[in-house]
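All remarks here apply to the structure that follows.
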There are 2 protein chains.
Amino acid sequence: MPNQQDEHESTQERILRVAAEVFARKGYHGTGVAELGEATGLKRGALYYHIGSKEDLLYNLSKRHVEEALDRGKRVVATDLHPVDKLRALAREHVQTIAARRDEVTVVMREMNALTGKRARQLAKLRDEYQDLFTAVLQEGVDEGVFRSADHVTVLGVLGMFNWTYVWLDAERGPLSPEHVADRLTDIVVYGELLTSRGAKRGGRKLTGRA
Amino acid sequence: MPNQQDEHESTQERILRVAAEVFARKGYHGTGVAELGEATGLKRGALYYHIGSKEDLLYNLSKRHVEEALDRGKRVVATDLHPVDKLRALAREHVQTIAARRDEVTVVMREMNALTGKRARQLAKLRDEYQDLFTAVLQEGVDEGVFRSADHVTVLGVLGMFNWTYVWLDAERGPLSPEHVADRLTDIVVYGELLTSRGAKRGGRKLTGRA
DNA sequence: CTCCCGATTGACCGATCGGTACATTGTTAA
DNA sequence: TTAACAATGTACCGATCGGTCAATCGGGAG
């Protein structure tokens, strides 16, 4: 085995890292295995020796990423922080992950549906587990009387706000650290954007529904 | 021209509609032109007569969608509603669009980067215009003293919360109408999730930063 | 030295890719 | 009747697709 220790990174790890880059840039279906080979310095035959199949590569890449994020998230949930601080900590962990592993996040988010069969179901389950982290934190808050709700719409709304940062995070950052962004977004969902002075006494919800 | 009036829908419109369905399901790069042909009942030659190229099709599909959403949004922004109500109305319009045109939204969101060159830039500009709608509404609120902030992070956070509904909206809906969801999410960003009684006097932001 | 084995190469497979050229269809206007 | 025209089908282009396979390489262990 030639340059195994070039950057103390195994071939497997290099393939996963490079695949995340290329998939993020050109899309899973938009990337050929030959192109993956060029980016890794391997010919297609050698590449297949390591990856099994193109879809296996996507699956392993995604699985590893979500499992790692899940581990970090679980550690936060396991703390005994106040619900507001726990939500903030989870948000920080989440946004930091997005900032640090932008390519992987892009692939996991965008290529959700590119996986098929059992693989797709297994990864969906992992994503559900991650979502449950936010449900748990919000529910703790409800139980302690500090949050209003932990239903599906609330959880998905809050999580969506954080998830969407993967689209804009480094395009908009100048002096913006991931922690700064996470804190700001946390404040929005926790405290709201409304100033209490002039707006709070309004009932809101004055619009009539329409289909 | 054969079945032009079969559903009082032109061939062009049928192609755009079907392309949105197939692209949403299999991805832009994951869909072959032949497959598009089968789904529209046209052979590839006939299809190319109408679409020019595959990327033209994606571009026209995306452009039409964003322009229509932009028109509807501009009408809301042009009203003289109270900022909170205007935000709610814009949110409803947005979520209703997502619910009603799910396939198109999926394609526009997911295949952002599949367009190349000038086309990519033109569509990015349209998306920026749409984002500016939310900036404008929030800024009006700030000017009138009812909202706290209209900076980039706030706008992108709020818009992201609404945008992300395209991922989960009809999977989670039982008795949930788009208007219900839009109102709930609007309430979160406007009023926050924190109950005033026990949590408000906390400072929040007690976490120490970490890289 | 030799055997072994992880790693790599290059050739090959059938299928499909996006796109083009051209003949043909059916309808309409002159 | 015929000329024009939009619309469609068929055949073809070179390139690339994902995937397989046998041959080979190179270094460590016996």
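In the text below, chain A, chain B and the rest are named by the order of the sequence lines, each starting its count at 1.
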- Query: Is A:Arg101 salt-bridged to A:Glu68, going by a charged N under 4.0 Å from an acidic O?
  - Reply: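 Yes, this pair counts.
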
- Query: Is any NZ, NE, NH1 or NH2 atom of the basic residue among A:Arg88 and A:Asp187 found under 4.0 Å from an Asp or Glu carboxylate oxygen of the other?
  - Reply: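 Looking at A:Arg88 and A:Asp187, the cut-off is met.
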
From the list [options], which nucleotide is the closest neighbour of the side chain of [X]?
{"X": "B:Ala34", "options": "C:dC17, D:dT8, D:dG18", "answer": "C:dC17"}
{"X": "A:His50", "options": "D:dT20, C:dT8, D:dA6", "answer": "C:dT8"}
{"X": "B:Lys43", "options": "D:dG9, C:dG18, C:dT8", "answer": "D:dG9"}

Please give, in whole Å, the distance from [N] [atom2] to [X] [atom1]?
{"X": "A:Leu42", "N": "C:dT8", "atom1": "CG", "atom2": "P", "answer": "5 Å"}
{"X": "B:Lys26", "N": "C:dT16", "atom1": "NZ", "atom2": "P", "answer": "11 Å"}
{"X": "A:Gln12", "N": "C:dA7", "atom1": "CD", "atom2": "P", "answer": "8 Å"}
{"X": "B:Glu55", "N": "C:dC17", "atom1": "CD", "atom2": "P", "answer": "17 Å"}
{"X": "B:Ile15", "N": "D:dA6", "atom1": "CD1", "atom2": "P", "answer": "16 Å"}
{"X": "A:Asp56", "N": "D:dG18", "atom1": "CG", "atom2": "P", "answer": "14 Å"}
{"X": "A:Ile51", "N": "C:dA7", "atom1": "CD1", "atom2": "C1'", "answer": "15 Å"}

Just to confirm, is there a sub-4.0 Å distance from OP1 or OP2 of [N] to any side-chain nitrogen or oxygen of [X]?
{"X": "A:Lys54", "N": "D:dG18", "value": "yes"}
{"X": "B:Tyr49", "N": "D:dT8", "value": "no"}
{"X": "A:His29", "N": "D:dC17", "value": "no"}

- With no hydrogens and no angle check, is any side-chain donor or acceptor of A:Arg102 less than 3.5 Å from a backbone partner on A:Ala24?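 Such a contact is absent between A:Arg102 side chain and A:Ala24 backbone.
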
- Message: Has A:Lys43 got a side-chain atom pairing as donor or acceptor with A:Gly37's backbone, closer than 3.5 angstrom?
- Response: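 A pair under 3.5 Å: no.
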
- Item | No-hydrogen, no-angle side-chain donor-acceptor test under 3.5 Å, B:Thr154 and A:Glu193 |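 A:Glu193 and B:Thr154 do not have a side-chain donor-acceptor pair below 3.5 Å.
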
- Across the strands shown, which category fits A:Gly32 at heavy-atom distances under 4.0 angstrom: base, sugar-phosphate, nothing?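 Sugar-phosphate only.
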
- Between B:Leu47 and A:Tyr28, just flag the one whose closest nucleotide in DNA chain D comes earlier from the 5' side.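 Closer to the 5' end of DNA chain D: B:Leu47.
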
